[in-house]
Amino acid sequence: MPFFVVTIALPVPLRRNFDYLPVPGESRDIYQPGQRIKAEFGRQLLTGIVLTTTEQTDVPVDKLKPLLERLDDQPLIDSSTLALCQWLSGYYHHSLGEVLELALPTMLRRGCKLTEADEKVWLRQADAPTAQLKGTKQQSLWQLFQQQSQWPHKELTSRGYTLAQLKRLTELNLIQEGEQLPLPAIAEQSSQPLPLNSEQQKAVDAIRAHLGSFKPCLLEGVTGSGKTEVYLQLIAEALANKKQVLVLVPEIGLTPQTVGRFRARFNVPVALLHSGLNDRERLQGWRQCKEGNARILIGTRSAIFTPLPDLGLIILDEEHDASFKQQDGLRYSARDFALVRGHKAQVPVVLGSATPALETLHNALTGKYLHLKLLRRAGNAKPPAMKLHSILHQPLSAGFAQPVLAKMQQHLRNGKQVLVFINRRGFAPLLACQQCGWMAECRRCDARLTLHQHPAHLHCHHCDFQQGIPAHCPECHSPNIEAVGQGTERIEQQLEQLFPNFPIRRVDRDSVRTKQAFDALFDEIHNGGPCILVGTQMLAKGHHFPDVTMVTVLDSDAGLFSADFRGMEHSAQLILQVAGRAGRAESPGEVWIQTLYADHPQLNLLLDSGYHALALSILQERNAQQLPPYSYMALLRAECEDRHLAQQFLQQARGFIQELQRQHHQFHDHQGLKLQQEGVNLLGPFPAIMERRAGRFRHQLQLYAKERASLHRVAATLVQFLEQQKGFNKVRWHLDIDPLDTL
Ligand code: ADP
Ligand code: ZN
Ligand code: ZN
């Protein structure tokens with residue numbers, strides 16, 4: 001047999017591929033890109049992916065090891081997914097093996113068969129005899145099989161039938177046991193397309209014209225403007241063309257309400273992929289999509305990797321949402337990936353938001369994206385009235401200004417609901433000694449401990465460190481230690497005293513721990529009556545609360561003065577998102593924002609002229625400072641228990657980049673070429689805002705470039721260099737391309 005090696009990708013951090021001999025006895029034509037194989041790597045046994053076969057290898061022949069096993073006859077990863085993963089690996093300077101690992105459901109990564117998650121079903125025998133059945137249970141069971149030839153085991157047991165009854169029918173040759181991929185659920189179609197208003201119609205027409213080719217589209221529409229109806233009518237069009245549709249939503253936005261709206265409109269199988277599923281369910285959803293059984297896939301970030309052979313349209317709702325960027329491992333942006341995927345598949349990509357990310361808005365304003373606007377609320381709903389309420393030199397009770405409390409009272413008396421937004425959970429952000437000024441701090445982070453009362457303890461929100469509440473100050477032994485400031489728990493407690501006649505419901509990560517609890521609470525709020533909802537971001541996103549007519553924003557000030565250049569952008573997005581919860585149905589809503597900075601120019605611009613006007617003003621600033629989207633950015637982060645080692649590591653990186661650029665300049669001067677690109681500008685290294693977290697010192701080096709290509713040229717060489725650095729075993733580092741924050 002002629003000599004050849006199999007080049008594979010392995011899920012290890014090293015940014016390279018590996019050559020192995022084939023499984024003994026297997027010929028070259030058996031191997032196809034995208035198959036899984038098992039290989040020994042050091043002392044580990046890993047599942048890798050075949051990339052290609054070749055006669056040439058740099059590995060000495062006596063060092064080559066054979067593959068242990070080939071797991072698939074057909075490629076499991078199709079060629080277009082493989083190409084996309086290769087692109088991701090290049091763009092994020094990340095190991096291809098680890099990227100491919102992300103593209104597969106956990107069970108397949110572990111080497112399971114594609115059919116492993118199939119479920120037990122019972123099938124009617126084709127030539128079933130006419131039977132005389134004794135028990136009524138058996139008769140009714142047999143009747144089911146006459147209505148429908150196949151039933152999932154789970155479905156039958158949930159209807160109260162027992163294994164013994166099923167076995168009895170099997171003995172009589174009426175039914176038999178089998179295994180099958182469960183069919184994705186189809187709901188009863190119960191909603192009809194709404195007649196569109198002119199803005200919606202314009203958006204649908206414009207995007208529809210691009211079905212069948214790649215076109216990025218920004219659908220910028222205020223909350224309640226009917227973006228979802230636009231999505232639904234585009235989806236209807238794509239389904240009619242026999243296409244599959246991918247809908248990506250933020251982590252927190254995948255509610256039964258959202259899913260219900262899609263399921264109620266279309267008579268097709270809808271698959272869901274999100275973090276609440278177990279491995280089996282994930283594999284089932286993935287395969288239903290891959291085999292074309294599911295026609296709509298609704299999922300969170302990682303659903304972007306799911307194979308959809310008939311993909312016809314990609315929709316990304318709330319495209320500005322931070323959950324679309326993965327914050328560890330492969331730090332990819334599902335939004336940016338969606339655009340690359342849409343380009344490869346030649347389908348339109350619709351990015352929807354009331355508050356688009358400035359990168360997206362910039363692309364729309366410069367004509368790279370089709371820009372569609374929905375400026376009015378759909379139906380009869382009116383936009384909420386927004387008001388800044390200065391609390392400078394004002395007496396507050398429980399953190400609320402008197403006129404705000406009076407307003408809340410009024411809404412509650414009218415039978416409506418009030419939402420109080422404070423983005424801080426726990427009882428109080430600080431526990432301090434009134435005698436000497438001591439503050440409870442985390443031993444492992446540069447951070448204060450948050451005081452919680454349910455259950456009572458001190459908690460670090462950065463490293464999860466927990467301890468009991470001391471009875472005396474550890475410094476001066478005074479018993480006089482007090483909670484300072486407010487979190488959701490404290491507000492809840494104080495509102496109970498201020499509004500004894502109305503229920504108060506707290507919604508945060510501590511009060512609502514599971515998805516079930518979350519859904520149950522929302523049902524309760526919906527069925528509702530007057531109440532006050534106190535909550536964090538969890539309340540802000542994607543929920544439709546028909547009875548909320550007033551929103552109080554308690555602490556928006558912190559975001560106005562963030563050390564990060566995206567601070568104002570993110571604050572504005574959050575404020576509008578919370579505000580959007582008010583008055584979504586028939587009743588008009590109002591939003592009161594308490595602030596110490598009622599004359600803050602950008603905050604006023606936001607309230608007087610809206611997000612778009614604010615966004616334009618921030619874009620001007622970014623342009624002046626050459627910050628993204630007017631430049632491209634990467635962040636090299638390093639952390640280590642030894643501060644100097646982290647600093648030294650980044651200094652090495654800085655030195656390397658400078659030397660690289662010097663050589664690049666020299667080379668170009670020498671050739672008499674004019675340097676096309678301005679190269680990469682460096683900022684740092686310097687400590688992160690919170691330098692120490694969980695016992696490690698965190699430092700960063702910022703890379704900026706006018707041209708994306710120069711940034712990536714430098715980044716590619718840099719990671720190769722850093723991978724080979726000796727003496728930094730204890731330093732954890734990563735390169736974050738297009739980072740979402742610099743904190
Ligand atoms: P968005 O996603 O932009 O926040 P939604 O799609 O949730 O807005 O729409 C808000 C409300 O307006 C929903 O109750 C929806 O049913 C309703 N709606 C949307 N389009 C129309 C329309 N053309 N006519 C009447 N009501 C509409
Ligand atoms: Zn003290
Ligand atoms: Zn901590």
Side-chain angles (χ1 to χ4, degrees), residues 7 9 12-18 56-59 86-99 330-332 336 565 622-623 625-640 642-688 698-739 742:
T7 306
V12 294
L14 297 172
R15 292 166 181 82
R16 44 167 296 213
N17 302 323
F18 301 91
Q56 271 144 25
T57 174
D58 299 334
V59 185
Q86 264 153 341
W87 178 86
L88 277 169
S89 159
Y91 186 82
Y92 290 104
H93 306 281
H94 200 89
S95 136
L96 175 61
E98 289 191 344
V99 176
L330 174 68
R331 292 169 186 256
Y332 71 100
D336 298 345
F565 69 84
R622 298 263 185 97
N623 194 2
Q625 296 166 31
Q626 288 297 292
L627 286 167
Y630 299 93
S631 62
Y632 298 96
M633 186 180 178
L635 201 59
L636 181 63
R637 294 196 185 89
E639 53 176 67
C640 185
D642 179 342
R643 175 190 273 140
H644 295 291
L645 224 48
Q647 285 167 338
Q648 219 183 326
F649 178 84
L650 292 177
Q651 282 298 352
Q652 293 251 86
R654 186 186 168 96
F656 176 79
I657 298 170
Q658 281 173 328
E659 176 61 19
L660 195 70
Q661 305 221 81
R662 202 180 53 76
Q663 284 172 9
H664 190 68
H665 279 267
Q666 261 182 2
F667 171 77
H668 282 269
D669 286 348
H670 196 69
Q671 307 261 314
L673 293 171
K674 207 163 176 265
L675 200 63
Q676 298 275 322
Q677 287 126 353
E678 293 173 48
V680 170
N681 290 322
L682 300 174
L683 228 62
F686 42 68
R698 306 151 70 230
H699 287 245
Q700 57 176 252
L701 177 67
Q702 301 182 353
L703 287 69
Y704 293 89
K706 193 74 190 125
E707 306 287 334
R708 191 162 250 161
S710 4
L711 183 65
H712 282 271
R713 200 186 47 236
V714 167
T717 337
L718 178 66
V719 293
Q720 294 291 346
F721 167 78
L722 293 175
E723 231 174 48
Q724 282 151 24
Q725 285 309 290
K726 300 269 183 288
F728 291 104
N729 290 342
K730 290 199 186 120
V731 178
R732 287 197 199 169
W733 63 273
H734 67 259
L735 185 66
D736 191 350
I737 302 289
D738 310 325
T742 55

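Taking Arg698 as the reference, nothing meets the salt bridge (Lys or Arg N to Asp or Glu O under 4.0 Å) condition, with sequence neighbours excluded. Every residue two or more places apart in sequence or in another chain that forms a side chain to side chain contact (heavy atoms under 4.5 Å, CB included) with Pro687 is listed here: Glu691, His699. Scanning for side chain to side chain donor-acceptor pair (under 3.5 Å) contacts around His93 gives His712, with sequence neighbours left out. For the side chain to side chain contact (heavy atoms under 4.5 Å, CB included) test, residues two or more places apart in sequence or in another chain that qualify with Gln724 are Gln720. Listed by chain and residue number, nothing satisfies the ring-ring contact (aromatic ring centres under 6.0 Å, His included) test with Tyr632 (two or more places apart in sequence, or in another chain). Applying the ring-ring contact (aromatic ring centres under 6.0 Å, His included) rule to Tyr630 yields the partners His362; only residues at least two apart in sequence or on another chain are considered. Under the side chain to side chain contact (heavy atoms under 4.5 Å, CB included) criterion, Arg16 pairs with Leu14, Phe18, sequence neighbours left out. Checked against side chain to side chain donor-acceptor pair (under 3.5 Å), Arg637 has the following partners two or more places apart in sequence or in another chain: His734, Asp736. Under the rule for a side chain to side chain donor-acceptor pair (under 3.5 Å), the partners of Arg708 that lie at least two apart in sequence or sit in another chain are Tyr91. With sequence neighbours left out, Thr742 forms a side chain to side chain donor-acceptor pair (under 3.5 Å) with Asp564.
The shortest distance between side-chain heavy atoms of Leu703 and Asn681 does not fall below 4.5 Å. Side-chain atoms of Tyr704 and Pro628, non-hydrogen and from C-beta on, do get closer than 4.5 Å to each other. Side chains of Leu722 and Leu735 form no contact here, defined as non-hydrogen atoms less than 4.5 Å apart. Between Pro629 and Arg622 there is a side-chain heavy-atom pair separated by less than 4.5 Å.
Listed here is the closest heavy atom pair of Asp336 and Asp738: OD2-OD2, 4.0 Å.
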Could you pull out all donor-acceptor pairs under 3.5 Å where a side-chain atom in residues 648-656 meets a protein atom, sequence neighbours excluded?
from	atom 1	to	atom 2	distance (Å)
Gln652	NE2	Gln725	OE1	2.7
Arg654	NH1	Gly684	O	2.7

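With Gln661 contributing its side chain and Val680 its backbone, the two residues share a donor-acceptor pair below 3.5 Å.
Among pairs with a residue in residues 714-727, those fulfilling salt bridge (Lys or Arg N to Asp or Glu O under 4.0 Å) read Arg15-Glu723, at least two apart in sequence or across chains.
Other residues, nucleotides and ligands contribute more than 12 heavy atoms inside 6.0 Å of the CD atom of Gln625.
Atom CD of Gln86 sits about 8.0 Å away from atom CG of Asn17, to the nearest 0.5 Å.
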For Arg331 and Ile737: C-alpha separation, side-chain torsions, deciding distance, then whether side-chain contact (heavy atoms from CB on, under 4.5 Å) applies.
CA-CA 7 Å; Arg331 292 169 186 256; Ile737 302 289; over 6 Å; no

